[in-house]
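Contents: one structure, followed by commentary.
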There are 2 protein chains.
Amino acid sequence: MRIGELAAQTGLTVKTIRFYEQAGVLPEPARRPSGYRDYDAGALARLRFVKAAQTAGLTLAEIGQVITAREHGGPPCRHVTALLDAHAANLDRRIAELTALRADIRRLRDRADGLDPAACDDDAVCHVIPTTTPPGARGPARR
Amino acid sequence: MRIGELAAQTGLTVKTIRFYEQAGVLPEPARRPSGYRDYDAGALARLRFVKAAQTAGLTLAEIGQVITAREHGGPPCRHVTALLDAHAANLDRRIAELTALRADIRRLRDRADGLDPAACDDDAVCHVIPTTTPPGARGPARR
DNA sequence: GTAAAGCCTCCCCTGCACTGGAAGGTCAAG
DNA sequence: CTTGACCTTCCAGTGCAGGGGAGGCTTTAC
């Protein structure tokens with residue numbers, strides 16, 4: 001099938017499929033005499049895997065590693081479970097960060113309701129944001 | 001004071017300070033005859049505000065808006081509290097997303113322990129990641 | 001026969017907050 | 001006089017996952 005049909009069947013855009021090929025998560029397909037890409041059912045399965053792995057939070061680079069491991073050796077399951085574990089740990093950390101940031105914002109917000117807007121001074125720009133570090137701050141959240 | 005001293009006093013890098021100036025969150029300072037930037041205490045206060053606002057989760061663009069509002073009108077407190085509210089709502093959404101993703105990963109991980117690594121098939125790359133959408137999937141998390 | 005849709009490659013753009021490096025000017029100490 | 005620290009501007013790149021559009025073939029439908 002041609003790239004447009006593959007896109008329709010996977011819900012991806014044509015651009016994205018070509019990008020995946022260049023990113024190394026989708027093998028280069030056969031070409032028709034015209035130069036058009038010609039995909040088989042394997043491409044469909046592959047793209048389903050890529051989508052599922054993305055949904056599980058893996059990056060394209062990691063997915064590429066898994067695929068390479070698969071092609072150069074045995075089943076990459078151990079690698080995959082290690083990636084899942086690492087992502088789970090990352091998520092735990094990020095969730096904790098965001099939750100703390102959420103609490104800080106709530107504190108600022110509550111405090112703001114009791115402040116006089118006219119009392120803002122120029123240098124500090126706005127006294128709703130105290131320039132003395134609020135309790136519980138751990139530096140800017142990485143995004 | 002020169003830029004290096006300001007950097008030392010704020011804990012930022014010289015590069016970052018110049019970047020902030022270009023990003024519009026720090027006004028252009030006076031210049032010495034040599035062309036060197038020459039900062040006063042206002043710059044220190046301003047950078048403290050920028051850091052505090054970043055800690056509260058605002059982007060540089062938003063901080064720039066707050067500063068512009070401050071310069072072109074009265075106190076920007078209402079603007080700031082609106083931003084804080086928007087960020088709080090965003091955080092709630094992102095925390096929920098990440099928590100759901102975390103639960104999905106935990107499910108995959110638990111399932112993986114009961115699977116046979118040799119049973120991976122080629123098209124699916126690795127059966128630890130099921131290509132049929134797992135229950136509770138809501139699409140890739142935005143990062 | 002012609003128009004429209006589809007495909008090709010190529011290169012640049014997005015957001016976010018910086019970071020690195022090149023090529024050169026300035027200033028104080030030894 | 002030279003060394004070295006400090007400063008200047010400008011350009012480019014990072015990570016991540018694509019998106020936009022130009023300019024030009026190919027295929028399909030009428």
Side-chain angles (χ1 to χ4, degrees), chain A residues 1-26 28-39 43 47 50-65 67 83 87 90-91 94 97-98 101 139-143, chain B residues 1-26 28-39 43 47 49-65 67 83 87 90 94 97-98 101 139-143:
Chain A
M1 79 186 93
R2 293 186 313 188
I3 196 170
E5 195 190 336
L6 184 63
Q9 292 208 14
T10 55
L12 301 169
T13 69
V14 167
K15 282 274 193 192
T16 299
I17 293 175
R18 283 196 281 252
F19 173 74
Y20 282 179
E21 177 182 328
Q22 191 218 330
V25 298
L26 181 65
E28 292 185 26
R31 297 283 183 146
R32 298 193 179 167
S34 61
Y36 284 17
R37 289 173 177 79
D38 198 3
Y39 294 97
L47 286 181
V50 172
K51 279 185 90 174
Q54 272 196 315
T55 301
L58 303 196
T59 66
L60 287 184
E62 290 167 336
I63 296 169
Q65 285 171 27
I67 289 170
L83 281 176
H87 274 272
N90 261 330
L91 280 178
R94 289 188 48 63
E97 272 176 24
L98 293 185
L101 179 55
R142 275 189 231 318
R143 283 190 285 193
Chain B
M1 81 185 90
R2 293 185 312 188
I3 196 169
E5 195 190 335
L6 185 61
Q9 291 208 16
T10 54
L12 301 169
T13 69
V14 167
K15 283 275 193 188
T16 300
I17 293 174
R18 281 194 283 253
F19 173 74
Y20 282 179
E21 178 182 328
Q22 190 219 329
V25 298
L26 182 65
E28 292 186 25
R31 296 284 184 146
R32 299 195 178 164
S34 60
Y36 287 15
R37 289 173 176 81
D38 198 2
Y39 294 97
L47 287 181
F49 173 76
V50 172
K51 279 185 89 174
Q54 273 197 315
T55 301
L58 303 196
T59 66
L60 286 184
E62 289 166 338
I63 296 168
Q65 284 170 28
I67 290 169
L83 282 177
H87 274 273
N90 262 330
R94 288 187 47 62
E97 274 176 21
L98 294 186
L101 179 55
R142 272 184 236 322
R143 285 190 279 194

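Atoms considered below: every heavy atom in the structure, side chains included; atoms not considered: hydrogens, waters and symmetry mates. Chain naming here is simple, since letters A, B, ... match the order of the sequence lines and numbering starts at 1 in each. Quantities reported herein were computed from a predicted structural model and do not represent experimental measurements.
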Query raised in the report: Between C:dG6 atom P and A:L6 atom CG, what is the distance in whole Å?
Result: 15 Å
Report summary line: Of the candidates D:dT9, D:dA17, C:dC8, the side chain of B:R18 sits closest to D:dT9
Query raised in the report: For D:dG19, does either OP1 or OP2 sit under 4.0 Å from a side-chain N or O belonging to A:T13?
Result: yes
Report task. Report yes if at least one side-chain N or O of A:Q54 is closer than 4.0 Å to OP1 or OP2 of D:dG18; otherwise report no. Result -> yes
Query raised in the report: Rounded to whole angstrom units, what separation is found between the CE atom of B:M1 and the C1' atom of D:dC7?
Result: 16 Å
Query raised in the report: Which nucleotide sits closest to the side chain of B:F19: C:dT19, D:dT8, C:dG21?
Result: C:dT19
Report summary line: Separation of C:dC16 atom C1' from B:H87 atom NE2, nearest Å, is 12 Å
Query raised in the report: Which distance, rounded to the nearest 0.5 Å, do you find between the CZ of A:R18 and the CG of A:L26?
Result: 12.0 Å
Report task. Measure from the side chain of B:K15, starting at C-beta and using heavy atoms only, and say which of C:dT9, D:dG18, C:dT19 lies closest. Result -> C:dT19
Query raised in the report: Within this structure, what is the CD1-to-P distance between A:I17 and C:dT9, rounded to whole angstrom?
Result: 13 Å
Report summary line: Rounded to whole Å, the CZ-P distance (B:R94 to C:dC16) equals 13 Å
Query raised in the report: Distance check: side-chain N/O of B:S34 vs OP1/OP2 of D:dT8, anything under 4.0 Å?
Result: no
Query raised in the report: Which residue, A:P33 or B:R31, contacts DNA chain D at a nucleotide closer to its 5' end, judged by nearest heavy atom?
Result: B:R31
Requested in this report: For B:R32, answer base if it contacts any base atom (sugar-phosphate contacts may also be present), sugar-phosphate if it contacts only those atoms, and nothing otherwise; contact means non-hydrogen atoms under 4.0 Å.
Outcome: nothing
Requested in this report: Could you check how far CD1 of A:I3 sits from C1' of D:dT26, rounded to whole Å?
Outcome: 15 Å
Query raised in the report: Rounded to the nearest Å, what distance is computed from the CG atom of residue A:N90 to the P atom of nucleotide D:dC16?
Result: 12 Å
Query raised in the report: Are B:R2 and C:dA28 close enough that a side-chain N or O sits under 4.0 Å from OP1 or OP2?
Result: no
**Report entry** Minimum-distance nucleotide to B:Y36 side chain [options: C:dC8, C:dT26, D:dG18]
**Finding:** C:dT26
Query raised in the report: If you check the B:L60 side chain, which of C:dC18, C:dG21, D:dT9 turns out closest?
Result: C:dC18
Query raised in the report: If you round to the nearest 0.5 Å, how far is CG of B:N90 from CG of B:L83?
Result: 11.0 Å
Query raised in the report: What distance do A:Y39 atom OH and A:E28 atom CD have between them, rounded to the nearest 0.5 Å?
Result: 9.5 Å
Report task. Ignoring the backbone of A:T59, work out which of C:dT9, D:dA17, C:dA17 is nearest its side chain. Result -> D:dA17
**Report entry** B:E21 CD to C:dC18 P, straight-line distance once rounded to whole Å
**Finding:** 15 Å
